[in-house]
There are 2 protein chains.
Amino acid sequence: MTQETKEAVEKILIDYLEKNKHRKTSERFAILNEIYSYDGHFDIEGLYVMMKNMKYRVSRATLYNNIELLLDAGLVIKHQFGKNLAQFEKAYKFKQHDHLICNDCEKVFEFCDPRIMQIQKMAEDMLNFDVSHHSLNFFAKCRVLKENGICEHKKNIEKTV
Amino acid sequence: MTQETKEAVEKILIDYLEKNKHRKTSERFAILNEIYSYDGHFDIEGLYVMMKNMKYRVSRATLYNNIELLLDAGLVIKHQFGKNLAQFEKAYKFKQHDHLICNDCEKVFEFCDPRIMQIQKMAEDMLNFDVSHHSLNFFAKCRVLKENGICEHKKNIEKTV
DNA sequence: GTAATTGCAAATGTTTTGCATACTG
DNA sequence: CAGTATGCAAAACATTTGCAATTAC
């Protein structure tokens with residue numbers, strides 16, 4: 001993360017905390033910092049391990065509490081890729097994108113399509129709501145299968161998830 | 001559910017079971033029947049209670065096992081509306097639709113937009129996958145608030161969820 | 001008959017809660 | 001110094017698993 005980004009997201013957090021009369025605790029800034037230093041999707045347990053490895057003394061409860069706050073501040077977005085495990089991703093300055101999940105290897109791919117915004121506008125006007133965020137997931141089968149009928153990505157042990 | 005629908009979905013299930021060499025147990029037909037007799041979204045616990053109330057002797061494990069099978073057969077679709085609770089819905093002959101979830105009262109609204117299919121096609125071709133199903137959720141704030149700042153639907157105790 | 005499927009109960013994994021302690025404003 | 005936020009442990013909750021009994025084929 002660039003110094004510029006670091007300052008920008010911290011400013012957003014500070015403004016949010018002040019506006020909502022929450023305290024500026026060191027944990028909040030540490031969590032924000034860890035999240036923005038990481039690329040890709042993460043879950044709370046992963047973030048907990050990451051922070052433990054980085055010397056921090058944090059509890060899972062604090063992570064659960066503060067991820068909610070960061071979501072509300074628009075600094076983080078939440079995903080659910082079909083499993084009962086919430087996944088998160090930093091949100092500031094990252095291009096809106098959606099996901100396609102392989103039915104076979106569960107790897108997650110990203111794509112962009114501006115038409116989603118048109119659909120959003122239609123839904124907003126039709127139902128009289130202002131959308132704060134959306135989640136579009138395609139669950140799909142890979143067209144390229146290996147001899148054993150397994151998708152071509154399955155060789156990769158680690159998942160994008 | 002009409003007799004016609006009942007027969008149609010049972011045929012789909014029978015074909016699926018035969019094709020995949022699974023047994024035609026009475027539980028499987030009972031579950032299918034209950035699901036198709038119910039309108040709206042349900043979770044496993046709700047289905048369990050529904051079936052218990054209807055004299056059936058079923059276990060949660062069987063419901064979890066068979067909902068997976070019905071999903072695979074395309075007879076049921078699965079949703080996750082931001083919570084760690086899987087919700088389901090019958091799928092046969094029901095028009096494709098997507099959801100908007102109120103941030104405030106958590107009520108779920110439905111809408112249709114054919115443009116989602118164009119996005120799907122784009123994603124399929126770009127990533128070389130065949131989409132089996134999708135999930136599009138908008139999380140949104142109601143434009144019409146009551147004096148207390150609470151959304152206009154909050155009065156309704158029961159949720160569409 | 002035999003192997004898949006079931007019900008039940010225990011186990012798992014994620015998230016929430018209760019409470020005493022620490023720290024912000 | 002008042003009350004919010006924290007860490008830790010226990011509780012809650014949805015889902016999965018193990019296993020003996022049942023049932024489809």
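Numbered from 1 within each chain, the chains take letters A, B, ... in sequence-line order.
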Strictly distance-based, threshold 3.5 Å: is any side-chain N or O of [X] a donor or acceptor partner for the main-chain N or O of [Y]?
X: Ser135(A); Y: Asn137(B); result: no
X: Arg28(B); Y: Arg23(B); result: yes
X: Asn20(B); Y: His22(B); result: no
X: Gln87(B); Y: Gln80(B); result: no

| field | Short side-chain N/O contact from Ser59(A) to OP1 or OP2 of dT6(D), under 4.0 Å | value | no
| said: Please determine whether a side-chain nitrogen or oxygen atom of Asn66(A) lies at a distance below 4.0 Å from atom OP1 or OP2 of dT6(D). | reply: yes
| request: Between protein and nucleotides 11-20 of chain C, map the contacts as a letter string: B base, S sugar-phosphate only, - none, heavy atoms under 4.0 Å, written 5' to 3'. | output: ---SBBB---
| How does protein contact run along nucleotides 19-25 of chain D, one letter per nucleotide 5' to 3', with B for base contact, S for sugar-phosphate only, - for none, heavy atoms under 4.0 Å? | ----BBS
| said: Rounded to the nearest 0.5 Å, what separates atom OG1 in Thr62(A) from atom CG in Leu69(A)? | reply: 11.5 Å
| request: Considering non-hydrogen atoms only, spot the tightest contact between Ile116(B) and Ile119(A) and give its length. | output: N-CD1, 3.6 Å
| task | Check whether any side-chain heavy atom of Tyr16(B) sits under 4.5 Å from a side-chain heavy atom of Ile14(B), and report yes or no. | result | no
| field | Aromatic contact, Phe109(B) with Phe129(A) (centres under 6.0 Å) | value | yes
| is_close_aromatic(His41(B), Phe81(B)), centroid dist under 6.0 Å | yes
Round to a whole Å and report the spacing from [atom1] of [X] to [atom2] of [N].
X: Tyr56(B); N: dT6(C); atom1: OH; atom2: P; result: 14 Å
X: Arg28(A); N: dG25(C); atom1: CZ; atom2: C1'; result: 13 Å
X: Lys83(B); N: dA12(D); atom1: NZ; atom2: C1'; result: 16 Å
X: Leu71(B); N: dT15(D); atom1: CG; atom2: C1'; result: 14 Å
X: Leu63(A); N: dA5(D); atom1: CG; atom2: C1'; result: 13 Å
X: Tyr48(B); N: dT15(D); atom1: OH; atom2: P; result: 15 Å
X: Leu69(B); N: dA4(C); atom1: CG; atom2: C1'; result: 12 Å

| note | Of dC8(D), dG7(C), dC8(C), the nucleotide closest to the side chain of Arg57(A) is dC8(D)
